[in-house]
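Note on naming: letters A, B, ... go to the chains in the order of the sequence lines (proteins, then strands), and numbering restarts at 1 for each one.
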Protein chains: 2
Amino acid sequence: MSDLTTNPRPPAAPPLTERQEARRRRILHTAAQLASRGGFDAVQMREVAESSGVALGTLYRYFPSKVHLLVATMQDQLQLMQSQLRKHPPSATDPGARVTETLMGTFRGLQREPQLAEAMVRALTFADRSVSAEVDQVSRLTAVLITEAMALDHPLSRDQLAAVRVIEHTWHSALVTWLSGRASIAQVRIDLETACKLLAE
Amino acid sequence: MSDLTTNPRPPAAPPLTERQEARRRRILHTAAQLASRGGFDAVQMREVAESSGVALGTLYRYFPSKVHLLVATMQDQLQLMQSQLRKHPPSATDPGARVTETLMGTFRGLQREPQLAEAMVRALTFADRSVSAEVDQVSRLTAVLITEAMALDHPLSRDQLAAVRVIEHTWHSALVTWLSGRASIAQVRIDLETACKLLAE
DNA sequence: GGGTAATCTAGAACACGTTCCAATGATGCA
DNA sequence: TGCATCATTGGAACGTGTTCTAGATTACCC
């Protein structure tokens, strides 16, 4: 929407050399590793830099803030999940049930590394406008995840698109409540199932 | 749920003296004022303390962190909105429409002080487990807001309770999306209306 | 290969949330 | 009234995200 004013990165980012690409991967890997034990607070920029064999200034050149770094980590993880899901698509027949199944599967994935999940989601919700392009990308990935789970042959109707948005809101907010210990996994499942009712017409 | 282990405040908090109550109000007022211009970042603990005529250590005795302070501010504002709404209840006849109307009204209230809204919502979503009791309270206030808008004479059915949860998720997440500039008010309204369809049976 | 611009490094410096401490003031009990 | 406990104050100190600088290294072009 306001890419022209708010988005300094994507417009013609110069392609990275091989060494640079490697550095970037190394940084993301270190971040995920530190997050996996310790969560958000354990991802300390000095330590990320040192463990990645990179100077602090360089780290900040690649990721302009800790939040940017962790949101990029989330993009990474989401893409991983996506390729997993394409290999093992959900089995239910009803679209709503498939979406629930898919999202709960993703949930279990996050559950396996709860600290990593905490770090990424805290970053995502704490992000201010300077990260909106990257956050938007995460949102887009999530929407794709949901619509692929529906596995329809038609393009989505207007109502279905609206429903997908609400499901995404529910997914995201339920995740936050679970991470802060205010809802159980069972409750999250119920909330997702409720939201998925909107897919039936 | 886990109040016994996670909630150090409410169990028998000693009643505050008048001077203490006044200090607390003063602090909350300063916080809201600083947040109103400047948002989250502008609420600096040293400045809150100084402007409230209170030592930094005292501020931290009343509110153990910046996030606690801003979540308390949100509780405050929500209660304000609640009393406003009780004076001017929504006019529509359909429960779903009344809920949308109420929430959009609240939204417009937040829109009038967008920086304050940003500060409170950032705090809310950034809160970790140490604030879960307070965040839970905010969630409860929101749920009350929604159910009062429905204005039913029966107690809520199981499905309605589930729907209220999804509406609350949607409200919360849509708020975040709007604050980060990734959705328009019109889009927020559509999302709320979509979620409110769940109230029809 | 030489020159130049971009990138990277090491580390100091700064900002703000948070903690700690010694001294002072308020409160309530015998 | 005197004493004991707790709250408040002012300010120093610490940790971590972020910025800045000067010099080394790398990448690219002729």
Quick one: do Arg189(A) and Glu193(A) make a salt bridge, cutoff under 4.0 Å? yes
Is there a donor-acceptor contact under 3.5 Å from the side chain of Lys197(B) to the main chain of Ala163(A)? no
Rounded to whole Å, CG of Leu69(B) lies from C1' of dT18(C) at a distance of 14 Å
Phe63(B) CZ to dG17(C) P, in whole Å, measures 16 Å
In whole angstrom, what separates Leu59(A)'s CG from dA10(C)'s P? 13 Å
From CZ of Arg24(A) over to P of dT7(C), roughly how many Å is that when rounded to an integer? 16 Å
Ignoring hydrogens and angles, state whether a donor on the side chain of Gln111(B) or Arg108(B) is under 3.5 Å from an acceptor on the partner side chain. no
Taken to the nearest whole Å, CD/Glu50(A) to P/dG11(C) is 10 Å
With no hydrogens and no angle check, do the side chains of Thr30(A) and Ser52(A) hold a donor and an acceptor under 3.5 Å apart? yes
Whole-Å distance, Ile27(A) CD1 to dT9(C) P, equals 9 Å
Is there a side-chain polar atom (N or O) of Arg19(A) under 4.0 Å from OP1 or OP2 of dT25(D)? no
Given atom CD of Glu21(B) and atom P of dT8(D), what is their separation to the nearest angstrom? 12 Å
How many Å lie between OH on Tyr62(A) and C1' on dT9(C), as a whole number? 13 Å
When you compare the protein's N or O atoms with those of nucleotides 15-20 of chain D, which come within less than 3.5 Å of each other, and at what distance?
| unit_1 | atom_1 | unit_2 | atom_2 | d |
| --- | --- | --- | --- | --- |
| dT16(D) | OP1 | Gln44(A) | NE2 | 3.0 |
| dG17(D) | OP1 | Val43(A) | O | 3.3 |
| dG17(D) | OP1 | Lys66(A) | NZ | 3.0 |
| dG17(D) | OP2 | Met45(A) | N | 3.0 |
| dG17(D) | N7 | Arg46(A) | NH2 | 2.6 |
| dG17(D) | O6 | Arg46(A) | NH2 | 2.7 |
| dT18(D) | OP2 | Tyr60(A) | OH | 3.0 |
| dT18(D) | OP2 | Lys66(A) | N | 2.9 |
| dT18(D) | O5' | Tyr60(A) | OH | 3.4 |
| dT18(D) | O4 | Arg46(A) | NH1 | 3.3 |

Thr58(A) meets the side-chain hydrogen bond (donor to acceptor under 3.5 Å, both in side chains) criterion, sequence neighbours left out, with none
Between Gln20(A) and dT26(D), is there a contact of a side-chain N or O with OP1 or OP2 at under 4.0 Å? no
Think Arg61(B) has a side-chain N or O under 4.0 angstrom from the OP1 or OP2 of dA7(D)? yes
Whether over 12 other heavy atoms sit under 6.0 Å from Gln79(A) CD: yes
Indicate yes or no: does Asp76(B) engage Arg25(B) in a salt bridge with an N to O separation below 4.0 Å. yes
